[in-house]
Protein chains: 2
Amino acid sequence: MSTEKTAATPNGADAALSDYTLDGQIGFLLRCAYQRASGNLLRRIADHGLTPAQFSVMARLYERGSMSQNRLGRLVGMEPANIRDVVQRLKRRSLLETRSAPDDARRLVVDFSEQGRSLVARLIPLEIESSAQTLASLNPEEQQTLLQLLGRLVETDDR
Amino acid sequence: MSTEKTAATPNGADAALSDYTLDGQIGFLLRCAYQRASGNLLRRIADHGLTPAQFSVMARLYERGSMSQNRLGRLVGMEPANIRDVVQRLKRRSLLETRSAPDDARRLVVDFSEQGRSLVARLIPLEIESSAQTLASLNPEEQQTLLQLLGRLVETDDR
DNA sequence: CCCATATCGTTATGATCATAACGATATGGG
DNA sequence: CCCATATCGTTATGATCATAACGATATGGG
């Protein structure tokens with residue numbers, strides 16, 4: 001006989017409704033924490049006209065250099081439809097440029113404009129500040145631990 | 001004289017471009033981790049017609065009982081405009097009901113329908129499963145540490 | 001009592017997400 | 001060589017977010 005799902009024994013072997021708390025769920029905590037981190041960054045870069053998502057695209061391009069739109073999306077965790085729109089908006093603001101790849105007609109190569117490269121270089125220190133603010137309630141050791149654990153959670157994500 | 005921002009000394013006192021990595025930024029990690037957690041939950045509840053955000057609203061209501069739409073939003077980290085739309089969709093699917101508060105004409109009291117309460121009770125075990133999957137790459141002690149550190153990051157958020 | 005101030009819910013706008021479906025192009029194995 | 005299969009980018013759809021602006025209602029101090 002299988003264990004009952006509705007019984008809600010105080011600490012049953014199959015975790016049941018009794019010991020459930022929304023605030024203890026990793027997904028809910030991650031959403032709240034991301035909201036906070038995102039807000040901290042946005043406050044600093046909004047007047048430069050960028051969002052956190054847009055910034056992550058610019059930062060990845062700054063780190064890795066010019067690459068295809070699709071690959072850029074994978075490296076920042078955006079679906080093709082999503083990275084497309086973000087690149088589009090950054091193009092409209094003359095921060096990025098695109099050209100079709102000479103060796104593969106399917107690919108769209110994304111690169112900085114002069115302004116784009118200059119802007120992201122000026123914004124990176126603001127992100128570093130923002131990260132420090134987000135982590136401010138933890139001591140340095142705890143900060144390292146958190147970053148390391150999150151890194152392992154995400155490990156097999158991108159490249 | 002102030003330290004230069006563009007110099008990029010290998011490990012300058014003011015963290016500069018040289019030691020910046022997108023993958024080391026708390027905000028970026030949180031976004032990727034949330035994406036993963038959200039996907040794990042969505043896969044389990046999508047065929048019941050709910051999203052992770054909708055589920056969090058239902059779960060909070062299940063924990064705390066009937067309350068005003070605005071307060072419900074605060075307790076799940078949603079702005080008034082946002083919680084409004086989510087409640088609207090759940091109402092349209094007859095999972096929630098609303099009535100105006102007898103003692104305060106501004107307030108809209110949100111409560112379950114029979115179906116709604118029954119559905120969330122059936123879905124909570126799926127979220128517990130989903131949380132376990134999200135945390136699967138960490139050992140139990142590390143899982144506790146992560147939850148505790150995230151909790152402190154978010155501490156002064158709701159309620 | 002009255003009114004400045006706060007709270008609640010709504011509307012509008014624009015960006016971010018996931019998903020499904022699609023055409024165009026590459027590629028590799030037979 | 002050819003064709004099944006994969007990859008790339010696009011379009012469309014619907015949900016989730018933050019923000020600004022607004023009317024309606026409560027509230028508390030003078």
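Proteins come first, then strands; the chains are lettered A, B, ... in the order of their sequence lines, and each starts at number 1. Everything quoted here is computed from the prediction, not taken from an experiment.
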Without decimals, in angstroms, what is the distance between [X] [atom1] and [N] [atom2]?
| X | N | atom1 | atom2 | value |
| --- | --- | --- | --- | --- |
| A:Leu42 | C:dG14 | CG | C1' | 13 Å |
| B:Met67 | C:dG9 | CE | C1' | 17 Å |
| A:Asp103 | D:dT7 | CG | C1' | 14 Å |
| A:Ile83 | D:dC8 | CD1 | C1' | 13 Å |
| B:Glu79 | C:dT7 | CD | P | 14 Å |
| B:Arg36 | C:dA18 | CZ | C1' | 16 Å |
| B:Leu41 | C:dC17 | CG | P | 18 Å |
| A:Lys91 | C:dA15 | NZ | P | 16 Å |

Minimum-distance nucleotide to [X] side chain [options: [options]]:
| X | options | value |
| --- | --- | --- |
| A:Ala81 | D:dA12, D:dC8, C:dA12 | D:dA12 |
| A:Arg107 | D:dC17, C:dA15, D:dG9 | D:dG9 |
| B:Ser68 | C:dG9, D:dC17, D:dG9 | C:dG9 |
| A:Asn82 | D:dC8, C:dA18, D:dA18 | C:dA18 |

When you measure from the side chain of [X] to the backbone of [Y], do you find a donor-acceptor pair of N or O atoms at a distance under 3.5 Å?
| X | Y | result |
| --- | --- | --- |
| B:Glu155 | B:Gly151 | no |
| B:Gln133 | B:Asn40 | no |
| A:Gln69 | A:Val87 | no |
| B:Arg107 | B:Ala101 | no |
| B:Gln144 | B:Glu141 | no |

Please state whether the phosphate of [N], meaning OP1 or OP2, lies under 4.0 angstrom from any side-chain nitrogen or oxygen of [X].
| X | N | value |
| --- | --- | --- |
| B:Arg43 | C:dA18 | no |
| B:Arg71 | C:dT7 | no |
| A:Gln69 | D:dT10 | yes |
| B:Gln88 | C:dT10 | no |
| A:Tyr34 | D:dA18 | no |
| B:Arg84 | C:dT11 | yes |

Out of A:Leu29, A:Leu30, A:Ile26, A:Val154, which one pairs with B:Tyr34 under the side-chain contact (heavy atoms from CB on, under 4.5 Å) rule? A:Leu30

Quick one: does B:Met78's side chain get under 4.5 Å of B:Ser56's, heavy atoms only? yes

Where do B:Arg99 and B:Ser66 land on the side chain to side chain contact (heavy atoms under 4.5 Å, CB included) test, with the steps shown first? CA-CA 11 Å; B:Arg99 56 182 187 278; B:Ser66 176; 3.9 Å; yes

For DNA chain D, consecutive-pair runs of 3 or more (Watson-Crick or G-U wobble, both H-bond-type distances under 3.5 Å) give C:1-30 with D:1-30

Nearest-nucleotide check on DNA chain D, A:Arg31 vs A:Leu108; residue mapping nearer the 5' end is A:Leu108

Between A:Arg106 and A:Gln54, just flag the one whose closest nucleotide in DNA chain C comes earlier from the 5' side. A:Gln54

The residue, A:Pro52 or A:Asp104, whose nearest nucleotide of DNA chain C is more 5′ is A:Pro52

